[in-house]
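Below, each value reflects all heavy atoms present in this structure, side chains not excepted, and no hydrogens, waters or symmetry copies.
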Number of protein chains: 2
Amino acid sequence: MGAATTRAHIVEAADRLFYRQGYEHTSFAAIAEAVHISRGNFYYHFKSKDDILSAVIAARLESRRRMLERWEAEETDPADRIRRFVEIVVTNRADIQRYGCPVGTLTTELAKLGHPALDDAGGLFTLFRAWLREQFTQLGHPAQADALAMHVLAFSQGVATLAHAFRDEDFIHREVQRMHEWLSAYSAGALSAAPGDGAQADA
Amino acid sequence: MGAATTRAHIVEAADRLFYRQGYEHTSFAAIAEAVHISRGNFYYHFKSKDDILSAVIAARLESRRRMLERWEAEETDPADRIRRFVEIVVTNRADIQRYGCPVGTLTTELAKLGHPALDDAGGLFTLFRAWLREQFTQLGHPAQADALAMHVLAFSQGVATLAHAFRDEDFIHREVQRMHEWLSAYSAGALSAAPGDGAQADA
DNA sequence: GTCTATACAGGGATAGAC
DNA sequence: GTCTATCCCTGTATAGAC
(Lines give C-alpha, C1' and ligand atoms only; values in the text may rest on other atoms or scores of the structure.)
Protein backbone atom coordinates (compact mmCIF):
# COMPACT_ATOMS: atom_id res chain seq x y z
CA MET A 1 0.00 0.00 0.00
CA GLY A 2 1.54 3.31 -1.05
CA ALA A 3 2.01 6.29 1.21
CA ALA A 4 -0.48 8.46 -0.64
CA THR A 5 -3.33 5.99 -0.34
CA THR A 6 -2.55 5.18 3.29
CA ARG A 7 -2.59 8.84 4.10
CA ALA A 8 -5.91 9.21 2.32
CA HIS A 9 -7.31 6.25 4.23
CA ILE A 10 -6.26 7.77 7.53
CA VAL A 11 -7.93 11.07 6.68
CA GLU A 12 -11.07 9.29 5.56
CA ALA A 13 -11.30 7.17 8.71
CA ALA A 14 -10.46 10.10 10.97
CA ASP A 15 -13.09 12.23 9.25
CA ARG A 16 -15.77 9.64 9.92
CA LEU A 17 -14.69 9.04 13.52
CA PHE A 18 -14.31 12.71 14.38
CA TYR A 19 -17.83 13.20 13.08
CA ARG A 20 -19.35 10.28 14.94
CA GLN A 21 -17.43 10.37 18.22
CA GLY A 22 -15.98 13.83 18.34
CA TYR A 23 -12.37 14.88 17.89
CA GLU A 24 -11.09 14.64 21.46
CA HIS A 25 -12.89 11.38 22.11
CA THR A 26 -11.34 9.70 19.06
CA SER A 27 -8.03 8.02 19.89
CA PHE A 28 -5.23 6.95 17.61
CA ALA A 29 -6.08 3.38 18.55
CA ALA A 30 -9.58 3.82 17.11
CA ILE A 31 -8.30 5.29 13.85
CA ALA A 32 -5.58 2.65 13.63
CA GLU A 33 -8.14 -0.09 13.98
CA ALA A 34 -10.29 1.42 11.26
CA VAL A 35 -7.38 1.77 8.83
CA HIS A 36 -5.73 -1.50 9.87
CA ILE A 37 -2.32 -0.03 10.62
CA SER A 38 -0.35 0.21 13.84
CA ARG A 39 -0.42 3.23 16.10
CA GLY A 40 3.26 3.97 15.62
CA ASN A 41 2.89 4.15 11.89
CA PHE A 42 0.76 7.28 12.11
CA TYR A 43 3.76 9.44 12.64
CA TYR A 44 5.23 8.60 9.31
CA HIS A 45 2.23 10.29 7.68
CA PHE A 46 1.30 12.95 10.24
CA LYS A 47 3.35 14.62 12.91
CA SER A 48 0.52 14.90 15.46
CA LYS A 49 -3.20 14.44 16.05
CA ASP A 50 -3.72 18.12 15.34
CA ASP A 51 -2.06 17.54 12.01
CA ILE A 52 -4.66 14.88 11.16
CA LEU A 53 -7.40 17.30 12.16
CA SER A 54 -6.02 19.91 9.79
CA ALA A 55 -6.06 17.37 6.97
CA VAL A 56 -9.63 16.38 7.81
CA ILE A 57 -10.80 19.99 7.80
CA ALA A 58 -9.04 20.61 4.48
CA ALA A 59 -10.71 17.51 3.04
CA ARG A 60 -14.12 18.63 4.21
CA LEU A 61 -13.59 22.09 2.78
CA GLU A 62 -12.59 20.61 -0.56
CA SER A 63 -15.54 18.23 -0.52
CA ARG A 64 -18.04 20.99 0.17
CA ARG A 65 -16.52 23.25 -2.44
CA ARG A 66 -16.96 20.57 -5.05
CA MET A 67 -20.55 20.04 -3.93
CA LEU A 68 -21.37 23.71 -4.29
CA GLU A 69 -19.72 23.84 -7.71
CA ARG A 70 -21.80 20.88 -8.78
CA TRP A 71 -24.96 22.59 -7.63
CA GLU A 72 -24.06 25.70 -9.54
CA ALA A 73 -23.55 23.64 -12.66
CA GLU A 74 -26.76 21.66 -12.24
CA GLU A 75 -29.05 24.52 -11.25
CA THR A 76 -29.11 27.79 -13.16
CA ASP A 77 -31.73 29.47 -10.99
CA PRO A 78 -30.22 30.80 -7.73
CA ALA A 79 -33.51 29.99 -5.98
CA ASP A 80 -33.10 26.33 -6.93
CA ARG A 81 -29.55 26.38 -5.64
CA ILE A 82 -30.72 27.65 -2.28
CA ARG A 83 -33.39 24.96 -2.26
CA ARG A 84 -30.66 22.43 -2.78
CA PHE A 85 -28.93 23.71 0.32
CA VAL A 86 -32.13 23.57 2.34
CA GLU A 87 -32.64 19.97 1.24
CA ILE A 88 -29.31 18.91 2.76
CA VAL A 89 -30.99 18.14 6.07
CA VAL A 90 -33.36 15.80 4.24
CA THR A 91 -30.69 14.18 2.08
CA ASN A 92 -28.44 13.57 5.07
CA ARG A 93 -31.24 12.97 7.56
CA ALA A 94 -29.98 9.56 8.66
CA ASP A 95 -26.53 10.83 9.64
CA ILE A 96 -27.88 14.08 11.05
CA GLN A 97 -30.25 12.27 13.38
CA ARG A 98 -27.43 10.06 14.59
CA TYR A 99 -24.51 12.47 14.70
CA GLY A 100 -25.74 16.00 14.07
CA CYS A 101 -24.27 18.43 11.55
CA PRO A 102 -20.59 17.77 10.71
CA VAL A 103 -19.87 21.48 10.50
CA GLY A 104 -21.76 22.70 13.53
CA THR A 105 -20.69 19.95 15.92
CA LEU A 106 -17.01 20.20 14.99
CA THR A 107 -16.97 23.98 15.31
CA THR A 108 -18.69 23.82 18.68
CA GLU A 109 -16.32 21.16 19.99
CA LEU A 110 -13.16 22.95 18.86
CA ALA A 111 -14.42 26.17 20.42
CA LYS A 112 -14.88 24.45 23.80
CA LEU A 113 -11.45 22.86 23.55
CA GLY A 114 -9.90 26.20 22.74
CA HIS A 115 -8.32 24.42 19.78
CA PRO A 116 -6.18 26.46 17.36
CA ALA A 117 -7.88 24.82 14.36
CA LEU A 118 -11.18 26.49 15.26
CA ASP A 119 -10.74 29.20 12.67
CA ASP A 120 -10.03 26.65 9.96
CA ALA A 121 -13.17 24.74 10.86
CA GLY A 122 -15.10 28.01 10.84
CA GLY A 123 -14.08 28.29 7.19
CA LEU A 124 -16.71 25.67 6.43
CA PHE A 125 -19.41 27.96 7.74
CA THR A 126 -17.90 30.89 5.89
CA LEU A 127 -17.86 28.89 2.66
CA PHE A 128 -21.60 28.20 2.86
CA ARG A 129 -22.35 31.71 4.04
CA ALA A 130 -20.56 33.31 1.10
CA TRP A 131 -22.14 30.92 -1.37
CA LEU A 132 -25.66 31.54 -0.07
CA ARG A 133 -25.00 35.27 -0.01
CA GLU A 134 -24.03 35.11 -3.66
CA GLN A 135 -27.24 33.27 -4.55
CA PHE A 136 -29.42 35.80 -2.74
CA THR A 137 -27.53 38.60 -4.46
CA GLN A 138 -28.25 37.03 -7.82
CA LEU A 139 -31.88 36.75 -6.78
CA GLY A 140 -31.98 40.52 -6.50
CA HIS A 141 -31.49 41.09 -2.77
CA PRO A 142 -27.94 42.36 -2.53
CA ALA A 143 -28.50 44.54 0.53
CA GLN A 144 -30.01 41.73 2.60
CA ALA A 145 -28.09 38.89 1.01
CA ASP A 146 -25.80 38.26 3.95
CA ALA A 147 -28.59 38.40 6.52
CA LEU A 148 -30.65 36.01 4.42
CA ALA A 149 -27.68 33.68 4.07
CA MET A 150 -27.24 33.64 7.84
CA HIS A 151 -30.94 32.97 8.28
CA VAL A 152 -30.73 29.90 6.06
CA LEU A 153 -27.63 28.71 7.91
CA ALA A 154 -29.43 29.17 11.23
CA PHE A 155 -32.29 27.10 9.89
CA SER A 156 -29.99 24.23 9.00
CA GLN A 157 -28.20 24.31 12.35
CA GLY A 158 -31.42 24.52 14.33
CA VAL A 159 -32.97 21.63 12.44
CA ALA A 160 -29.83 19.50 12.68
CA THR A 161 -29.42 20.06 16.43
CA LEU A 162 -33.01 19.18 17.28
CA ALA A 163 -33.30 16.32 14.81
CA HIS A 164 -30.20 14.95 16.50
CA ALA A 165 -31.52 15.47 20.02
CA PHE A 166 -34.98 14.04 19.37
CA ARG A 167 -34.28 11.68 16.43
CA ASP A 168 -37.36 13.16 14.81
CA GLU A 169 -37.59 12.75 11.07
CA ASP A 170 -41.07 14.26 10.67
CA PHE A 171 -39.73 17.41 12.28
CA ILE A 172 -37.09 17.69 9.57
CA HIS A 173 -39.68 17.44 6.81
CA ARG A 174 -41.96 19.97 8.45
CA GLU A 175 -39.20 22.53 8.89
CA VAL A 176 -37.93 22.04 5.35
CA GLN A 177 -41.44 22.55 4.02
CA ARG A 178 -41.74 25.71 6.08
CA MET A 179 -38.41 26.93 4.75
CA HIS A 180 -39.41 26.31 1.15
CA GLU A 181 -42.55 28.37 1.69
CA TRP A 182 -40.53 31.16 3.23
CA LEU A 183 -38.07 31.05 0.33
CA SER A 184 -40.80 31.27 -2.27
CA ALA A 185 -41.36 34.87 -1.18
CA TYR A 186 -37.80 35.62 -2.31
CA SER A 187 -37.85 33.76 -5.61
CA ALA A 188 -38.07 35.60 -8.91
CA GLY A 189 -41.79 35.00 -9.45
CA ALA A 190 -42.96 36.36 -6.13
CA LEU A 191 -40.46 39.20 -6.32
CA SER A 192 -41.98 40.72 -9.45
CA ALA A 193 -45.40 40.69 -7.84
CA ALA A 194 -44.24 42.24 -4.57
CA PRO A 195 -44.08 46.03 -4.26
CA GLY A 196 -41.22 46.08 -1.75
CA ASP A 197 -38.06 44.06 -1.49
CA GLY A 198 -38.07 41.88 1.58
CA ALA A 199 -39.63 43.48 4.61
CA GLN A 200 -43.04 42.41 3.44
CA ALA A 201 -42.06 38.99 2.24
CA ASP A 202 -40.95 38.22 5.75
CA ALA A 203 -44.14 38.92 7.63
CA MET B 1 -17.21 24.45 55.37
CA GLY B 2 -20.04 21.95 55.67
CA ALA B 3 -20.61 19.04 53.33
CA ALA B 4 -23.78 20.49 51.86
CA THR B 5 -22.19 23.76 50.81
CA THR B 6 -19.05 22.07 49.46
CA ARG B 7 -21.17 19.74 47.37
CA ALA B 8 -23.11 22.73 46.06
CA HIS B 9 -19.87 24.53 45.24
CA ILE B 10 -18.61 21.52 43.31
CA VAL B 11 -21.81 21.31 41.29
CA GLU B 12 -21.71 25.02 40.61
CA ALA B 13 -18.10 24.99 39.44
CA ALA B 14 -18.58 21.82 37.40
CA ASP B 15 -21.66 23.31 35.77
CA ARG B 16 -19.71 26.37 34.67
CA LEU B 17 -16.70 24.38 33.47
CA PHE B 18 -18.74 21.75 31.64
CA TYR B 19 -20.48 24.60 29.84
CA ARG B 20 -17.32 26.49 28.94
CA GLN B 21 -14.91 23.63 28.23
CA GLY B 22 -17.15 20.65 27.65
CA TYR B 23 -17.68 17.66 29.92
CA GLU B 24 -14.91 15.36 28.71
CA HIS B 25 -12.37 18.16 28.49
CA THR B 26 -12.97 19.24 32.09
CA SER B 27 -10.70 17.40 34.52
CA PHE B 28 -11.03 16.89 38.23
CA ALA B 29 -7.96 19.04 38.62
CA ALA B 30 -9.76 21.96 36.95
CA ILE B 31 -12.82 21.62 39.16
CA ALA B 32 -10.66 21.17 42.24
CA GLU B 33 -8.81 24.35 41.48
CA ALA B 34 -12.05 26.27 41.04
CA VAL B 35 -13.52 25.01 44.32
CA HIS B 36 -10.22 25.12 46.20
CA ILE B 37 -10.29 21.55 47.42
CA SER B 38 -8.01 18.61 46.71
CA ARG B 39 -8.69 16.02 44.03
CA GLY B 40 -9.05 13.19 46.49
CA ASN B 41 -11.73 14.98 48.43
CA PHE B 42 -14.14 14.76 45.51
CA TYR B 43 -14.92 11.17 46.29
CA TYR B 44 -16.35 12.01 49.63
CA HIS B 45 -19.10 13.96 47.87
CA PHE B 46 -19.41 12.09 44.57
CA LYS B 47 -18.52 8.57 43.63
CA SER B 48 -17.47 9.36 40.07
CA LYS B 49 -17.26 12.04 37.39
CA ASP B 50 -20.49 10.75 35.90
CA ASP B 51 -22.06 11.29 39.28
CA ILE B 52 -21.09 14.95 39.16
CA LEU B 53 -22.55 15.21 35.69
CA SER B 54 -25.85 13.82 36.93
CA ALA B 55 -25.92 16.42 39.68
CA VAL B 56 -25.15 19.18 37.19
CA ILE B 57 -27.95 18.09 34.88
CA ALA B 58 -30.36 17.89 37.80
CA ALA B 59 -29.34 21.38 38.88
CA ARG B 60 -29.85 22.77 35.38
CA LEU B 61 -33.26 21.12 35.15
CA GLU B 62 -34.29 22.63 38.46
CA SER B 63 -32.95 26.03 37.48
CA ARG B 64 -34.85 26.05 34.19
CA ARG B 65 -38.03 24.82 35.84
CA ARG B 66 -37.91 27.71 38.25
CA MET B 67 -37.28 30.14 35.39
CA LEU B 68 -40.32 28.90 33.48
CA GLU B 69 -42.46 29.08 36.61
CA ARG B 70 -41.34 32.65 37.13
CA TRP B 71 -42.24 33.55 33.57
CA GLU B 72 -45.67 32.01 33.99
CA ALA B 73 -46.21 34.08 37.09
CA GLU B 74 -44.97 37.31 35.54
CA GLU B 75 -46.71 37.00 32.17
CA THR B 76 -50.37 36.09 31.89
CA ASP B 77 -50.50 36.15 28.09
CA PRO B 78 -49.05 32.95 26.56
CA ALA B 79 -47.75 35.01 23.64
CA ASP B 80 -45.70 37.12 26.06
CA ARG B 81 -44.35 33.95 27.65
CA ILE B 82 -43.16 32.68 24.28
CA ARG B 83 -41.58 36.06 23.62
CA ARG B 84 -39.70 35.68 26.87
CA PHE B 85 -38.29 32.42 25.60
CA VAL B 86 -37.28 33.96 22.29
CA GLU B 87 -35.51 36.73 24.15
CA ILE B 88 -33.22 34.25 25.93
CA VAL B 89 -30.70 34.48 23.12
CA VAL B 90 -30.56 38.25 23.63
CA THR B 91 -30.47 38.10 27.42
CA ASN B 92 -27.67 35.52 27.39
CA ARG B 93 -25.97 36.81 24.26
CA ALA B 94 -22.57 37.26 25.88
CA ASP B 95 -22.33 33.65 27.09
CA ILE B 96 -23.93 32.29 23.94
CA GLN B 97 -21.39 34.00 21.72
CA ARG B 98 -18.58 32.63 23.83
CA TYR B 99 -19.82 29.16 24.70
CA GLY B 100 -22.99 28.40 22.74
CA CYS B 101 -26.22 27.10 24.21
CA PRO B 102 -25.78 25.15 27.46
CA VAL B 103 -28.51 22.70 26.52
CA GLY B 104 -27.62 22.12 22.88
CA THR B 105 -23.87 21.81 23.33
CA LEU B 106 -24.15 19.40 26.27
CA THR B 107 -26.66 17.20 24.49
CA THR B 108 -24.53 17.09 21.35
CA GLU B 109 -21.38 16.23 23.30
CA LEU B 110 -22.99 13.47 25.35
CA ALA B 111 -24.46 11.97 22.18
CA LYS B 112 -21.01 11.79 20.58
CA LEU B 113 -19.53 10.27 23.71
CA GLY B 114 -22.28 7.68 23.82
CA HIS B 115 -22.75 8.77 27.42
CA PRO B 116 -25.54 7.16 29.45
CA ALA B 117 -26.60 10.55 30.82
CA LEU B 118 -27.68 11.67 27.35
CA ASP B 119 -31.34 10.97 28.06
CA ASP B 120 -31.20 13.00 31.26
CA ALA B 121 -29.67 15.93 29.41
CA GLY B 122 -32.35 15.58 26.73
CA GLY B 123 -34.84 16.24 29.49
CA LEU B 124 -33.83 19.89 29.31
CA PHE B 125 -35.00 20.06 25.73
CA THR B 126 -38.15 18.17 26.61
CA LEU B 127 -38.87 20.59 29.43
CA PHE B 128 -38.77 23.60 27.09
CA ARG B 129 -40.64 21.74 24.37
CA ALA B 130 -43.53 20.82 26.67
CA TRP B 131 -43.68 24.31 28.12
CA LEU B 132 -43.76 25.98 24.70
CA ARG B 133 -46.34 23.45 23.51
CA GLU B 134 -48.54 24.39 26.44
CA GLN B 135 -48.27 28.10 25.61
CA PHE B 136 -49.19 27.54 21.97
CA THR B 137 -52.10 25.38 23.07
CA GLN B 138 -53.34 28.18 25.30
CA LEU B 139 -52.96 30.52 22.34
CA GLY B 140 -55.52 28.43 20.48
CA HIS B 141 -53.33 26.18 18.32
CA PRO B 142 -53.59 22.81 20.04
CA ALA B 143 -53.18 20.73 16.87
CA GLN B 144 -49.96 22.47 15.82
CA ALA B 145 -48.72 23.30 19.29
CA ASP B 146 -45.93 20.72 19.32
CA ALA B 147 -44.72 21.57 15.83
CA LEU B 148 -44.70 25.26 16.73
CA ALA B 149 -42.81 24.52 19.93
CA MET B 150 -40.18 22.61 17.96
CA HIS B 151 -39.93 25.47 15.50
CA VAL B 152 -39.17 27.93 18.28
CA LEU B 153 -36.61 25.54 19.76
CA ALA B 154 -34.97 25.18 16.36
CA PHE B 155 -34.79 28.94 16.12
CA SER B 156 -32.97 29.21 19.43
CA GLN B 157 -30.52 26.43 18.56
CA GLY B 158 -29.79 27.81 15.12
CA VAL B 159 -29.20 31.29 16.44
CA ALA B 160 -27.04 30.06 19.31
CA THR B 161 -24.85 27.88 17.10
CA LEU B 162 -24.18 30.58 14.54
CA ALA B 163 -23.82 33.39 17.05
CA HIS B 164 -21.22 31.18 18.71
CA ALA B 165 -19.42 30.35 15.47
CA PHE B 166 -19.31 33.91 14.16
CA ARG B 167 -19.49 35.92 17.41
CA ASP B 168 -22.10 38.05 15.68
CA GLU B 169 -24.36 40.05 17.96
CA ASP B 170 -26.23 41.91 15.22
CA PHE B 171 -27.23 38.56 13.79
CA ILE B 172 -28.88 37.64 17.09
CA HIS B 173 -30.92 40.83 17.13
CA ARG B 174 -32.01 40.41 13.52
CA GLU B 175 -33.16 36.85 14.02
CA VAL B 176 -35.00 37.70 17.23
CA GLN B 177 -36.77 40.54 15.45
CA ARG B 178 -37.72 38.16 12.65
CA MET B 179 -39.02 35.66 15.17
CA HIS B 180 -41.14 38.26 16.95
CA GLU B 181 -42.74 39.18 13.63
CA TRP B 182 -43.41 35.56 12.87
CA LEU B 183 -44.92 35.07 16.32
CA SER B 184 -47.25 38.03 15.96
CA ALA B 185 -49.20 36.01 13.40
CA TYR B 186 -49.99 33.51 16.15
CA SER B 187 -50.89 35.95 18.89
CA ALA B 188 -54.51 36.50 19.88
CA GLY B 189 -54.98 39.75 17.98
CA ALA B 190 -53.78 38.47 14.63
CA LEU B 191 -55.61 35.21 15.13
CA SER B 192 -59.05 36.79 15.28
CA ALA B 193 -58.35 38.65 12.04
CA ALA B 194 -56.96 35.65 10.15
CA PRO B 195 -59.36 33.34 8.31
CA GLY B 196 -57.15 30.24 8.61
CA ASP B 197 -55.08 28.94 11.47
CA GLY B 198 -51.41 28.80 10.58
CA ALA B 199 -50.69 27.95 6.98
CA GLN B 200 -51.25 31.56 6.05
CA ALA B 201 -49.45 33.06 8.95
CA ASP B 202 -46.33 31.31 7.78
CA ALA B 203 -46.17 32.55 4.23
C1' DG C 1 6.58 2.17 4.89
C1' DT C 2 5.32 -0.49 8.49
C1' DC C 3 6.18 -2.74 12.60
C1' DT C 4 7.07 -3.45 18.02
C1' DA C 5 8.51 -1.60 22.18
C1' DT C 6 8.50 2.01 25.14
C1' DA C 7 8.78 6.65 27.19
C1' DC C 8 6.00 10.13 29.22
C1' DA C 9 1.97 12.84 30.73
C1' DG C 10 -2.62 13.31 32.29
C1' DG C 11 -6.83 11.82 34.31
C1' DG C 12 -9.93 9.00 37.13
C1' DA C 13 -10.15 6.59 41.21
C1' DT C 14 -8.64 4.47 45.89
C1' DA C 15 -6.26 4.11 50.61
C1' DG C 16 -5.40 5.75 54.62
C1' DA C 17 -3.63 9.57 57.76
C1' DC C 18 -5.36 13.53 60.22
C1' DG D 1 -14.53 16.42 55.89
C1' DT D 2 -10.35 17.20 54.02
C1' DC D 3 -5.82 16.02 53.03
C1' DT D 4 -1.55 13.49 50.69
C1' DA D 5 0.17 9.67 48.40
C1' DT D 6 -0.40 6.41 45.09
C1' DC D 7 -2.29 3.09 41.69
C1' DC D 8 -3.78 2.15 37.17
C1' DC D 9 -5.32 3.03 32.77
C1' DT D 10 -5.47 5.54 28.55
C1' DG D 11 -3.53 8.40 25.15
C1' DT D 12 0.05 10.87 22.55
C1' DA D 13 4.39 10.58 20.89
C1' DT D 14 9.22 8.66 20.05
C1' DA D 15 13.01 5.15 19.03
C1' DG D 16 14.65 1.92 16.46
C1' DA D 17 14.28 -2.80 14.17
C1' DC D 18 12.83 -4.80 9.80
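- Classification of the A:Tyr186-A:Phe136 ring pair by plane angle, with boundaries at 30° and 60°, yields perpendicular.
- Between A:Ile37 atom CD1 and C:dT2 atom P the separation is 7 Å, expressed in whole Å.
- In terms of the side chain to side chain donor-acceptor pair (under 3.5 Å) criterion, B:Glu109 has no residue partners (sequence neighbours excluded).
- Close to D:dG1, at under 4.0 Å from its OP1 or OP2, lies no side-chain N or O of B:Thr6.
- In terms of modelled atom types and a separation under 3.5 Å, the side chain of A:Arg70 and the main chain of A:Met67 share no donor-acceptor contact.
- Taking the ring centre of A:Tyr19 as origin, the terminal cationic atom of A:Arg98 falls outside the region bounded by 6.0 Å and 45° from the ring axis.
- C:dG11 atom C1' lies 14 Å from atom CD of B:Gln21, rounded to whole Å.
- Looking at residues two or more places apart in sequence or on another chain, you find no side chain to side chain donor-acceptor pair (under 3.5 Å) involving B:Trp71.
- For B:Arg20, the salt bridge (Lys or Arg N to Asp or Glu O under 4.0 Å) test picks out no residue, with sequence neighbours left out.
- At the phosphate of C:dG1, OP1 or OP2 sits under 4.0 Å from a side-chain N or O atom of A:Tyr44.
- Taking the salt bridge (Lys or Arg N to Asp or Glu O under 4.0 Å) definition, one finds that A:Arg133 meets it with A:Asp146, sequence neighbours left out.
- Contact between the side-chain N/O atoms of A:His45 and the OP1/OP2 oxygens of C:dT2 is found at a separation under 4.0 Å.
- When the C1' atom of D:dG1 is taken as reference, atom CZ of B:Phe46 falls 14 Å away, rounded to whole Å.
- A cation-pi contact links A:Lys49 to A:Tyr23, judged by a cut-off of 6.0 Å to the six-membered ring centre and 45° from its axis.
- Following rounding to the nearest Å, A:Phe42 (CZ) and D:dA15 (P) show an atom-to-atom distance of 19 Å.
- The overall bend of the helix from C:dG1-D:dC18 to C:dC18-D:dG1, read as the angle between its terminal helix axes built from five base pairs each, is 0° when rounded to 10 degrees.
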Sugar-phosphate or base contact per nucleotide [nucleotides 12-18 of chain C; S, B, -; heavy atom under 4.0 Å]: SBB----
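- Under 3.5 Å, the side chains of B:Glu175 and A:His151 contain a donor-acceptor pair of N or O atoms.
- Between the CD1 atom of A:Ile31 and the P atom of D:dG11 there is a distance of 11 Å, rounded to whole Å.
- Rounded to an integer number of Å, the gap from B:His9 NE2 to D:dG1 P is 14 Å.
- If you take NE2 of B:His25 and C1' of C:dG10, they are 12 Å apart, rounded to a whole angstrom.
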